[in-house]
There are 2 protein chains.
Amino acid sequence: MKIEIAENAGFCYGVMRAIEIANRALKEYKSLYSFGPIIHNPQVVEEYEKKGLKVIETLDEADGPVLIRSHGVPPKVYEDIEKRGLKVIDATCPFVKEAQRYAKQLYDEGYKVVIFGDNEHPEVKAHLGYTNYTASVINSPKTAASIKASRVGVVCQTTQSVERFGLTIGELAKRIRELKVFNTICDATEKRQEAAKELAKRSDIMIVIGGKNSANTRKLYEICKENSRNAYHIETEIELEKNWFDGIENIGITAGASTPSYIIERVYKAIRDIVNG
Amino acid sequence: MKIEIAENAGFCYGVMRAIEIANRALKEYKSLYSFGPIIHNPQVVEEYEKKGLKVIETLDEADGPVLIRSHGVPPKVYEDIEKRGLKVIDATCPFVKEAQRYAKQLYDEGYKVVIFGDNEHPEVKAHLGYTNYTASVINSPKTAASIKASRVGVVCQTTQSVERFGLTIGELAKRIRELKVFNTICDATEKRQEAAKELAKRSDIMIVIGGKNSANTRKLYEICKENSRNAYHIETEIELEKNWFDGIENIGITAGASTPSYIIERVYKAIRDIVNG
Ligand code: F3S
Ligand code: F3S
C-alpha cells in the first residue's frame with residue numbers, strides 16, 4: 001500500500017517561496033507589513049496576522065520591514081519604502097520579476113507597451129509602473145483593436161489563459177507592423193494538472209484537497225476522476241471516510257492552488273492512520 | 001458625363017515599378033535576362049520577350065544585365081551575377097526589400113527565423129537566403145506547432161492573407177517565450193478593393209477588367225456589383241456593349257492585379273468613343 005502526493009500540489013513555487021520568506025522574516029522581526037494579503041486564503045491570512053504580519057493600505061501604517069508579495073509592486077513603492085528608512089523584504093515571484101524586467105526592456109526599447117491581463121490585478125498594476133505608466137492593458141481580442149502604434153511590445157500577467165492570449169496576439173499581429181511579445185504566462189496550473197493526471201493513472205483512488213468553490217480545484221477533481229478508478233474532493237481531513245480505502249493499493253493526493261502544505265500534510269497523515277488501522 | 005479610373009487599379013506599385021525599370025533598361029541594353037517571367041501575364045511576357053527580355057533558368061544563359069524581379073532573390077544571386085562581371089538591374093519591390101531586411105535583422109539578432117508564406121514562392125525563397133537558409137517556412141496555425149525555439153522572429157510573404165497570418169501568430173504566441181513579428185503583408189490588394197468600392201458608390205456603372213479566372217478580379221467585380229447600380233466584368237475592350245452606357249452619367253473603371261495599364265487605357269478610350277458616339 002502506497003500513499004503519494006502529486007508534484008506541484010497546492011501552492012505554486014512563487015507563493016510557497018513568499019511564505020518561506022515571510023516565515024524567515026517573522027523569526028527576525030517582531031512585526032512585518034504587507035500591502036494586501038500574502039495569499040488569498042482567509043485561514044492563512046489570519047494565521048500570519050497572529051504571527052505579526054500586518055496588512056496595510058498605506059506606508060504611513062508601517063514602522064517595520066515591508067514584505068512585497070509574490071505579485072510584485074511598481075518601482076516607486078521600493079523607493080518610497082527606502083525613503084522612509086524601512087527595510088524591503090522582497091517576495092516577488094521570480095517569474096513575475098522576469099515579466100517586470102521585460103516590461104521595462106520593451107519600454108526602454110521604445111515600444112508602445114501592452115499588458116495582457118486584468119486592469120485591477122496587483123501584478124498588472126506593478127507591471128504598469130515598470131513602463132512609467134505608459135502601457136495599455138488589454139484582455140481580449142476585441143480590446144486589441146484599441147491599440148494604435150507601429151511598434152508594440154507585449155508582456156502578460158502570469159496567471160492569464162494561454163488560449164485567450166493567443167487569440168489576442170493574433171489580432172494585434174494583423175494590424176501592428178512590429179510586434180514583440182513575451183509570453184510570461186506561468187505554467188504552474190498546467191503542471192499541477194499534468195502531475196495530478198499522471199498520478200491518477202497510477203492510483204486506485206485520488207484525494208483532491210481544496211475549496212469546494214475553487215474553480216482550479218474542481219478542474220483538478222475532474223481530471224482525477226477521469227484518470228483513476230475513484231476520486232474525492234475534500235476541504236479538510238475531517239471529510240475522509242474509512243470505507244473509501246477498503247482493499248485499495250495505491251492512494252494519490254493532490255491539492256488546488258490556494259491549499260497550504262500543512263493542510264495537505266494533515267490529510268496525508270489522516271489517510272496513513274486510516275489505512276494502518 | 002464622366003469616366004473615372006479607380007486608384008490602385010491593375011498592377012500594384014511594385015510590379016508597375018519593375019515594368020518601368022525593365023522599360024528603361026531595355027532602352028539602354030539590347031538584351032536583358034531575368035529568372036522567371038517579370039509578371040504572371042502571358043501577353044506581357046511575350047511582349048517583353050520581343051523587346052529583348054529573356055527568361056533564363058541559370059546564369060550560364062546570361063551574357064548581359066540581369067533584371068531582378070519584384071519578388072527579389074537571395075543575396076547569393078547578386079554575388080553570382082557580379083562574379084561573372086554582369087550588371088544587376090534591381091527591380092525588387094521596396095516592400096519586399098524591407099521584408100528581406102527584417103529577415104536578416106532577426107537572423108542577426110539571434111532569433112530562430114520563421115517565414116509565413118508558401119515554400120515554393122520566389123519571394124519566400126529569397127527571404128530564406130537572408131537568413132542563411134536557417135529559417136522555417138509555415139503557412140497555417142497547424143504548421144506553427146512544428147516551431148520549437150525560445151526566441152522566434154517572424155516575417156511574411158507580402159501577398160499572404162492577413163486573417164490566416166493572425167491566427168498563425170496567435171498559435172506561435174501561445175508556445176514561444178519571445179516572439180518578434182514583422183507584419184510585412186502588403187495592402188495593395190486591400191487598397192485596390194477599397195478604391196474600387198469608393199468609386200463604385202459614386203458611379204452608375206463599373207467596368208472591371210481582368211482574367212475571368214482571376215480570383216482577385218472576381219472579388220473586385222463582387223465589390224463593384226454591390227456598390228454601384230450596375231457592373232460588368234470584361235477581359236478586353238472588345239466585350240464592351242454600347243447599350244450599357246445609355247443614359248449613364250458616371251462611369252467607373254477598375255482592374256485586377258495582373259492587368260497591364262495599356263489594357264486599362266484601351267478600355268478607357270473605347271468607352272470614351274462609345275459615349276461620344
Ligand atoms: S506566483 Fe505562482 S503562478 Fe507562477 S508566476 Fe509565480 S509561480
Ligand atoms: S510587388 Fe506589389 S503586392 Fe505589394 S509588396 Fe510590392 S507592392
Side-chain angles (χ1 to χ4, degrees), chain A residues 94-95 98-99 101-106 109-117 138-145 147-158 160-187 189-191, chain B residues 94-95 98-99 101-106 109-117 138-145 147-158 160-187 189-191:
Chain A
F95 303 135
E98 201 177 9
R101 272 198 302 272
Y102 290 143
K104 180 171 180 348
Q105 179 190 328
L106 291 170
E109 289 174 352
Y111 288 97
K112 159 73 188 167
V113 180
V114 167
I115 301 165
F116 181 75
I138 63 172
N139 65 0
S140 66
K142 224 173 167 178
T143 48
I147 306 301
K148 311 237 186 288
S150 58
R151 298 178 71 233
V152 169
V154 185
V155 290
C156 54
Q157 185 186 328
T158 52
Q160 285 291 307
S161 139
V162 74
E163 280 303 324
R164 205 155 65 154
F165 176 69
L167 293 173
T168 307
I169 297 303
E171 269 314 304
L172 282 176
K174 280 158 62 179
R175 296 174 309 97
I176 306 291
R177 182 64 171 177
E178 179 181 345
L179 184 66
K180 189 164 171 179
V181 183
F182 288 104
N183 177 341
T184 52
I185 293 174
C186 172
D187 57 2
T189 306
E190 209 183 304
K191 278 192 177 153
Chain B
F95 303 135
E98 201 176 9
R101 271 197 303 272
Y102 289 143
K104 180 170 177 354
Q105 179 191 327
L106 291 170
E109 288 174 353
Y111 289 96
K112 159 73 189 167
V113 181
V114 167
I115 301 166
F116 180 76
I138 64 172
N139 66 358
S140 66
K142 224 172 168 177
T143 49
I147 305 301
K148 311 238 186 287
S150 58
R151 297 178 72 233
V152 169
V154 185
V155 289
C156 55
Q157 184 187 329
T158 52
Q160 285 291 307
S161 140
V162 75
E163 280 303 324
R164 204 155 66 156
F165 176 68
L167 293 172
T168 306
I169 296 303
E171 267 316 305
L172 282 176
K174 280 157 63 179
R175 295 174 308 99
I176 306 291
R177 183 65 170 175
E178 179 180 344
L179 183 65
K180 189 164 172 179
V181 183
F182 287 104
N183 176 340
T184 51
I185 293 175
C186 172
D187 57 2
T189 307
E190 209 182 302
K191 278 191 176 156

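Labels below follow one simple rule: chain letters A, B, ... track the order of the sequence lines, proteins then strands, and each chain is numbered from 1.
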>> Quick check: do A:Arg177 and B:Tyr102 have side-chain heavy atoms less than 4.5 Å from each other?
In response: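 With C-beta onward as the side chain, the pair touches.
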>> Are there residues of residues 161-171 of chain A whose heavy atoms fall under 4.5 Å of chain B's heavy atoms? If so, which?
In response: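 Residues A:Val162, A:Glu163, A:Phe165, A:Gly166, A:Ile169, A:Gly170 are the ones that qualify, each having a heavy atom under 4.5 Å from chain B.
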> When heavy-atom pairs shorter than 4.5 Å are enumerated against chain B, which of A:Thr184, A:Ile185, A:Val152 gives the highest number?
Replying inline: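 Going by pairs under 4.5 Å, I would pick A:Thr184.
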> Does any heavy atom of chain B fall under 4.5 Å from the side chain of A:Arg175, the backbone, both, or neither of them?
Replying inline: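 Only the backbone of A:Arg175 comes within 4.5 Å of chain B.
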> Which value, rounded to the nearest 0.5 Å, describes the distance between B:Lys180 atom NZ and A:Tyr111 atom OH?
Replying inline: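 Here the rounded value is 3.5 Å.
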>> Given heavy-atom pairs under 4.5 angstrom as the criterion, report whether the side chain, backbone, both or neither of B:Leu172 touches chain A.
In response: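 No part of it gets close to chain A.
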> Contact part of B:Gln160 toward chain A, heavy-atom cut-off under 4.5 Å: side chain, backbone, both or neither?
Replying inline: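 Nothing of B:Gln160, per the 4.5 Å heavy-atom cut-off to chain A.
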